[in-house]
Amino acid sequence: MKTRFWICVFLSIALVSCAHGGGKPAYNFNAAVPEGWKTIDSEDPMLFMTKDGGYKQFVLIRERSLAEPFQFTQRAMRKGMLPDEAADIIVNEILSDTNVRNFSLLEKSLARIAGHSGFRLTFIYTDADGFNFKTLYYGFINGDSFYNIRYAATQEEYFQKDLKTFEKVFESFKLVAAKTS
């Protein structure tokens, strides 16, 4: 099960980009870690938190450079890109990931994230180990960065159970460094 947890952590990172070297970078956002949840350190500018382990539920908040191409499609985002266009890049990246099976997009809509125009995706998929996940994925571009806030949980047991907790994390999310759009 420990191996599966780390595979989930890797899958979460791989869905948005390749890892890059260096020490643990500072990120330009804050979000409240729910009581009883723990964070997992990463070398990427991201905050990964879980209560019962990555194969039960997790919240992943990540900042990435617009210049950094995505791992599977090699596409990159750009300043001025519309939220709908950015959402399409994410969907195509997920569809190109060979570790993701049975992907089904349930919702694609515009959303406000900490005062920024962005998008919201709701989707389900099966990972390479056969675990079924339901995911809420929010994303927006600000300055030279793309930010995403994701909540994923095994559909059967945990998604509804921790949805309100995720909503509190989502509401607590704020950028801490002033960046221009």
Side-chain angles (χ1 to χ4, degrees), residues 1-20 37-66 68-77 81-111 113 118-141 146-167 169-170:
M1 194 62 154
K2 191 172 190 175
T3 301
R4 288 185 177 152
F5 170 76
W6 288 112
I7 290 170
C8 183
V9 171
F10 173 76
L11 176 62
S12 299
I13 295 168
L15 286 174
V16 290
S17 77
C18 294
H20 57 274
W37 287 52
K38 60 187 173 222
T39 60
I40 308 294
D41 287 335
S42 170
E43 293 181 4
D44 288 323
M46 64 179 236
L47 177 58
F48 184 92
M49 54 186 105
T50 183
K51 181 179 180 187
D52 298 313
Y55 267 95
K56 303 294 185 188
Q57 82 288 87
F58 65 87
V59 174
L60 173 68
I61 304 173
R62 171 125 194 212
E63 174 186 357
R64 62 175 284 128
S65 169
L66 293 181
E68 182 181 351
F70 287 89
Q71 179 180 4
F72 299 106
T73 61
Q74 294 304 304
R75 293 184 66 193
M77 295 187 180
M81 179 176 273
L82 297 174
D84 197 50
E85 294 174 294
D88 287 342
I89 286 178
I90 296 302
V91 169
N92 288 328
E93 180 68 11
I94 295 167
L95 286 169
S96 298
D97 184 343
T98 58
N99 293 307
V100 173
R101 296 169 174 80
N102 305 317
F103 177 83
S104 180
L105 182 62
L106 305 175
E107 173 199 23
K108 177 180 149 188
S109 61
L110 298 178
I113 303 115
F119 64 87
R120 172 185 161 140
L121 303 172
T122 304
F123 55 89
I124 55 174
Y125 68 95
T126 304
D127 72 3
D129 289 328
F131 286 91
N132 297 311
F133 285 91
K134 184 172 184 180
T135 301
L136 291 178
Y137 186 115
Y138 290 87
F140 69 96
I141 294 172
F146 171 71
Y147 295 87
N148 73 354
I149 305 165
R150 180 182 332 171
Y151 167 58
T154 51
Q155 286 180 237
E156 301 81 19
E157 302 169 47
Y158 287 91
F159 189 83
Q160 289 301 322
K161 176 182 165 192
D162 292 308
L163 181 57
K164 290 206 180 303
T165 300
F166 167 71
E167 290 169 351
V169 172
F170 180 80

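Hydrogens, waters and symmetry mates are skipped; everything else that's a heavy atom, side chains included, is used.
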Hey, are Arg75 and Glu93 close enough for a salt bridge, meaning a charged N less than 4.0 Å from a carboxylate O?
no
Check salt bridge (charged side-chain N to carboxylate O under 4.0 Å, His left out) between Lys134 and all other residues, then give those that pass, not counting sequence neighbours.
none
Report yes if some heavy atom in the side chain of Leu136 is under 4.5 Å from a heavy atom in the side chain of Phe159; otherwise report no.
yes
Could you go through Tyr55 and Asp129, starting from their C-alpha distance and side-chain angles, then the distance that decides it, and tell me whether this counts as side chain to side chain donor-acceptor pair (under 3.5 Å)?
CA-CA 10 Å; Tyr55 267 95; Asp129 289 328; 3.2 Å; yes
Within the 4.5 Å heavy-atom criterion, are Thr165 and Met49 side-chain neighbours or not?
no
Check side chain to side chain contact (heavy atoms under 4.5 Å, CB included) between Leu110 and all other residues, then give those that pass, not counting sequence neighbours.
Pro83
Kindly say whether Gly54 contributes a backbone atom to a donor-acceptor pair with the side chain of Gln57 at under 3.5 angstrom?
no
Heavy-atom check, side chain of Thr50 versus side chain of Lys38, under 4.5 Å
yes
Would you call Asn102 and Ile124 a side-chain contact if the rule is heavy atoms closer than 4.5 Å?
no
Within the 4.5 Å heavy-atom criterion, are Ile90 and Asn148 side-chain neighbours or not?
no
Non-hydrogen side-chain atoms of Leu66 and Met81 separated by less than 4.5 Å
no
Qualifying residues under ring-ring contact (aromatic ring centres under 6.0 Å, His included), relative to Tyr158, sequence neighbours excluded
none
Going through the checks in order, is the side-chain contact (heavy atoms from CB on, under 4.5 Å) test met by Lys108 and Phe123?
CA-CA 9 Å; Lys108 177 180 149 188; Phe123 55 89; over 6 Å; no
Check each of Phe58, Tyr138, Phe48 against Arg150 using the side chain to side chain contact (heavy atoms under 4.5 Å, CB included) test, and report the only one that passes.
Phe58
Tell me, do Asp162 and Tyr151 make a side-chain contact under 4.5 Å, heavy atoms counted?
yes
Answer yes or no: is there a side-chain heavy-atom contact under 4.5 Å between Trp37 and Val59?
yes
Validation row, ring centre Phe140 to ring centre Tyr147 under 6.0 Å:
yes
